[in-house]
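Both counts, for ligands and for their atoms, begin at 1 and track the order of listing. These values consider heavy atoms only, across backbone and side chains, with no hydrogens, waters or symmetry-generated copies. Along the sequence shown, residues carry numbers from 1.
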Amino acid sequence: MRKPVIAGNWKLFKTKSEALELIEALAPQVKGAAGVEIIVAPVFTVLPSLHGAVSGTNIALAAQDVFWEEEGAFTGEVSPGMLLDAGASHVIIGHSERRQYFGETDATVNKKTKAALKGALVPIVCIGETLQAREAGDTFKVLETQLKEGLTEITAAQFAPVIVAYEPVWAIGTGKTASDEQAQEAHAFIRGVLAGLYGQETADKTRILYGGSVKPENVKGLMSCADIDGALVGGASLKADSFAGIVNFQQ
Ligand code: PGA
């Protein structure tokens with residue numbers, strides 16, 4: 001019922017020529033993955049060139065961040081309309097690296113999510129607990145707060161297209177994946193919170209992605225969990241073979 005989403009977060013990697021080379025290698029390897037929604041998120045500057053490169057393929061583009069105003073005196077920011085104009089259809093919001101290094105909070109995540117929805121971009125809203133929170137037994141509390149505050153004043157109808165990504169901070173770029181059971185437990189909890197906010201029907205339709213050291217070797221197990229609907233992939237999305245290996249998890 002929920003179409004799987006495999007999204008690659010390229011972070012601060014890939015110049016224009018490197019990005020084009022990666023897409024050229026990736027596109028033929030994933031063209032048979034008809035049942036999967038495939039997204040890659042390059043740096044802002046590369047979006048317009050990739051827009052041409054992905055046209056006619058089954059790959060969509062995401063930005064890695066967005067600002068909440070459409071225009072104005074906001075040096076260094078990029079608006080939803082500008083991202084659409086550059087070829088993005090999706091945008092990652094509230095990635096833990098933005099929360100950790102750039103002062104992103106649940107309040108800014110909320111402003112950005114509202115602005116993205118208003119601007120017809122599909123938000124991929126990231127949440128996840130730190131190792132400290134997990135060890136203190138606060139995982140569910142953290143996830144619930146991040147969801148409720150990040151989604152404040154967003155109605156069920158507005159929320160419908162949103163994709164949620166559960167990324168335990170301790171599993172990002174560390175090679176440590178959450179076990180299938182740990183991930184499933186968190187995803188089921190997230191779906192329960194969404195059901196409380198928006199009703200069971202909306203919650204059942206929401207794609208919840210797992211992120212944190214996803215690789216071709218562990219994607220199958222994760223994707224076999226009832227509430228895991230896809231993956232947000234960092235390191236393994238930077239090479240065509242490994243990202244294609246994840247996209248083609250059903251083969
Ligand atoms: P990783 O990153 O796959 O390199 O752990 C995931 C992410 O940050 O989205």
Could you list the atoms of ligand 1 found under 4.0 angstrom from a heavy atom of [X]?
X    : value
H95  : 7 (C), 8 (O), 9 (O)
S213 : 1 (P), 3 (O), 5 (O)
G235 : 1 (P), 3 (O), 4 (O)

N or O pair under 3.5 Å between [X] and ligand 1:
X    : result
G212 : no
T174 : no
A236 : no
G173 : yes

If we only count heavy atoms from C-beta on, is the [X] to [Y] side-chain gap below 4.5 Å?
X    : Y    : value
I208 : R2   : no
F189 : T139 : no
L22  : W10  : yes

Problem set entry | Under 3.5 Å: donor-acceptor pair, side chain of Y166, backbone of L143 | no
Exercise. Looking only at atom types and distance, does a side-chain atom of S213 sit under 3.5 Å from a main-chain N or O of A171, one as donor and one as acceptor?
Worked result: yes
Exercise. Salt bridge between E37 and K3, side-chain N to carboxylate O under 4.0 Å?
Worked result: no
Exercise. Can we say D106 and R99 salt-bridge, meaning some charged N sits less than 4.0 Å from an Asp/Glu carboxylate O?
Worked result: yes
For this session: Would you please determine whether K215 falls within less than 4.0 Å of ligand 1 on a heavy-atom basis?
Result: no
Exercise. Closer than 4.0 angstrom: is that true for some heavy atom of G211 and an atom of ligand 1?
Worked result: no
Problem set entry | Distance from atom 6 (C) of ligand 1 to nearest protein heavy atom, with residue and atom | G234 N, 3.5 Å
Exercise. What is the nearest protein non-hydrogen atom to atom 9 (O) of ligand 1, stated with its residue, atom name and distance?
Worked result: E167 OE2, 2.6 Å
For this session: Look at the rings of F67 and F74 and say which category their plane angle falls in: under 30° parallel, 30 to 60° tilted, over 60° perpendicular.
Result: tilted
For this session: With heavy atoms under 4.0 Å as the rule, classify the contact between A171 and ligand 1 as side chain, backbone, both or neither.
Result: backbone
For this session: Record the part of N9 in heavy-atom contact with ligand 1 below 4.0 Å; permitted values are side chain, backbone, both and neither.
Result: side chain
Problem set entry | Enclosure of Q132 CD (heavy-atom neighbours >12, cutoff 6.0 Å) | no
